[in-house]
Amino acid sequence: MPRPAVKVSQQQLAKELGISQALVSLVLNGLKQGINEKTYTRVWQHALKRGYKPKGMNLAQATQQSQVGVILRAPLRLSTPSMYFGHVQQGLHAALELRGFTTVFLGSEGGLEAAKLQRSFQSGHLFRGVVLLGEVSPLFLEELRSLERRIVAVSARHPGICHSVVGNESQALEAVVRHLHELGHRRIGWLGGNTGLGRHESRFSAFQTALAQAGLSLNERYVVKLQQADRSEGTEAVYMLLPHAKRSDFPTAFVSYNSLMAAGAVRAFVREGWIVPRDIALAGADAPPELPFDDVPKITGAGTDPVKLGEAAARLVLASTGTEDESFTDLILPAQFTLGETTGGRRAAGARM
């Protein structure tokens with residue numbers, strides 16, 4: 001015959017957790033006031049793992065799922081935060097907090113192997129769902145879905161697999177190209193980053209479509225695509241193109257994958273004696289944040305406010321049921337154009353003298 005389950009005591013739990021029995025007792029009696037939220041969650045998760053069953057109280061109510069997990073796409077890590085996803089997290093956290101939920105950073109895709117994911121989503125876990133910041137691999141998403149089905153991807157699409165919220169890339173790139181075209185630019189190049197990710201491909205495709213709508217063609221000589229998308233990549237892209245600067249077909253303007261790359265490109269051109277925007281115009285394919293760089297003017301750009309992406313992700317994850325027959329929402333938020341200091345007032349000839 002199987003042995004009867006051994007009841008675990010609050011004293012045992014306190015010893016295993018390294019905290020006082022009084023604190024364990026308060027938590028397991030459902031008292032939250034004055035108790036650190038992480039400690040409250042840690043006690044309950046450990047108690048459930050050990051098979052603790054409280055007397056005379058509603059277990060489901062005591063262990064109400066009150067957290068939303070957050071996972072960063074590889075190769076991003078918390079130690080090297082993305083300014084873009086930092087704003088997304090700000091919107092996500094604020095929107096969840098208003099509804100009585102909190103966010104918990106679970107880690108980066110690259111550091112969350114199957115065993116770690118399984119430990120986070122054991123039976124009785126307190127997560128109300130997971131928000132993915134960026135595009136993760138299909139294998140990682142499959143592993144996560146086997147443990148938790150209430151998933152929302154931000155700035156990435158996984159059709160038929162989970163919910164998603166993205167910006168309107170077509171609207172953003174159309175606004176940027178139209179602005180440059182109205183200024184008289186007819187030769188516009190592309191400084192790309194995060195190649196291989198769906199977000200780069202959607203922005204580059206939208207850029208090409210916007211050029212065609214304006215009656216312009218894209219010269220492949222002035223298309224750069226790099227693996228990352230920070231300021232250093234913007235600088236690198238410019239130095240890859242400068243050997244062609246004396247050609248008659250050299251662009252009078254460049255659109256960058258994001259504002260960080262545009263900032264790096266501005267710095268490189270200025271370093272080489274160019275005047276922005278008189279000699280060259282630069283714009284970003286995102287909503288330009290307030291960049292903390294004293295040597296870079298405000299970037300012109302267009303995109304969806306990342307804070308609003310986070311707020312929308314909060315609504316989607318809380319509305320998700322996680323059931324087998326759940327329909328998935330692919331939410332597209334509108335983009336806004338922001339005029340900065342990097343695109344106006346160029347020379348009429350559109351070329352550097």
Side-chain angles (χ1 to χ4, degrees), residues 41 44-45 48-49 58-74 85 88-109 112-170 197-199 201-202 304-334:
T41 300
W44 265 113
Q45 288 180 335
L48 291 171
K49 181 180 177 181
N58 187 327
L59 181 60
Q61 189 176 40
T63 59
Q64 181 181 7
Q65 294 175 325
S66 58
Q67 301 173 335
V68 171
V70 177
I71 296 175
L72 272 172
R73 70 161 178 84
F85 285 124
V88 173
Q89 284 184 276
Q90 175 188 336
L92 175 67
H93 178 79
L96 289 173
E97 192 173 44
L98 285 174
R99 295 163 174 81
F101 292 82
T102 59
T103 55
V104 175
F105 180 67
L106 295 175
S108 172
E109 172 192 2
L112 286 173
E113 64 269 15
K116 283 188 177 180
L117 280 176
Q118 289 168 4
R119 285 197 294 272
S120 295
F121 293 97
Q122 296 178 31
S123 177
H125 68 77
L126 301 184
F127 292 107
R128 182 63 181 79
V130 177
V131 173
L132 301 174
L133 302 182
E135 183 178 339
V136 299
S137 72
L139 286 177
F140 180 85
L141 186 55
E142 181 181 356
E143 180 65 37
L144 178 60
R145 285 188 78 241
S146 70
L147 301 167
E148 173 57 63
R149 299 180 63 89
R150 295 166 296 184
I151 302 170
V152 177
V154 177
S155 294
R157 283 190 175 103
H158 302 281
I161 298 176
C162 67
H163 302 284
S164 67
V165 54
V166 297
N168 192 328
E169 307 292 6
S170 297
L197 293 182
R199 189 149 57 115
E201 300 314 310
S202 64
T304 301
D305 183 349
V307 173
K308 293 188 180 300
L309 290 174
E311 293 170 349
R315 295 192 295 270
L316 284 177
V317 75
L318 294 183
S320 179
T321 63
T323 57
E324 291 284 347
D325 61 349
E326 181 178 14
S327 298
F328 296 114
T329 300
D330 186 15
L331 190 60
I332 302 175
L333 300 189

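Heads up: numbering here begins at 1 and tracks the sequence.
Summarising the geometry, atom NE2 belonging to His93 is positioned 7.5 Å from atom OG1 belonging to Thr102; distances are rounded to the nearest 0.5 Å. Put simply, OG on Ser120 and CG on Leu112 are 7.0 Å apart, with the number rounded to the nearest 0.5 Å. In this structure, CG on Leu316 lies 13.0 Å from CD1 on Ile151, to the nearest 0.5 angstrom. Rounded to the nearest 0.5 Å, atoms OG (Ser320) and CZ (Arg315) are 15.0 Å apart. Atom CG of Leu98 and atom CD of Glu311 lie 9.0 Å apart (nearest 0.5 Å).
Between Ala313 and Val165, the shortest heavy-atom contact is CB-CG1, 4.0 Å. Closest non-hydrogen pair, Arg99 versus Ala95, comes out as NH1-O, 2.7 Å. Minimum heavy-atom separation, Ile71 to Ser108: CG2-C, 4.4 Å. For the pair Arg150 and Thr321, the tightest heavy-atom approach, listed with the atom from each and the gap, is CG-C, 3.9 Å. Nearest heavy atom pair, residue Phe328 against residue Ile161, reads CZ-O, 3.3 Å.
Listed by chain and number, the residues in a side chain to side chain contact (heavy atoms under 4.5 Å, CB included) with Leu139 are Ser137, Glu142 (sequence neighbours excluded).
No side-chain donor-acceptor contact under 3.5 Å links Arg73 to the backbone of Leu132. Within the 3.5 Å criterion, the main-chain N or O of Ser202 finds no donor-acceptor partner in the side chain of Glu169. Looking at Glu326, its side chain does come within 3.5 Å of a backbone N or O of Gly322 through a donor-acceptor pair. Side-chain atoms of Ser66 never come within 3.5 Å of backbone atoms of Phe101 as a donor-acceptor pair (strictly under, hydrogens ignored).
Checked against Phe127 for a side chain to side chain contact (heavy atoms under 4.5 Å, CB included), the options Val68, Val317, Val104 give a single hit: Val104.
Looking at Phe121 and Leu106, their side chains come closer than 4.5 Å, going by heavy atoms from C-beta outward. Within the 4.5 Å cutoff, the side chain of Ile332 has heavy atoms near those of the Arg157 side chain. Gln118 is listed as a side-chain neighbour of Leu147, based on a closest heavy-atom distance under 4.5 Å. Counting heavy atoms from C-beta outward, Gln89 and Thr103 have side chains that stay 4.5 Å or more apart. Residues Thr304 and Val166 have side chains not in contact (no heavy-atom distance under 4.5 Å, counting atoms from C-beta outward). In this structure, Val136 and His158 have side chains that are in contact, with non-hydrogen atoms separated by less than 4.5 Å. Residues Leu309 and Ser155 form a side-chain contact, since some pair of their non-hydrogen atoms from C-beta on lies under 4.5 Å apart.
A salt bridge is defined here as a Lys NZ or Arg NE, NH1 or NH2 lying under 4.0 Å from an Asp or Glu carboxylate O, and Glu324 with Arg149 meets this definition.
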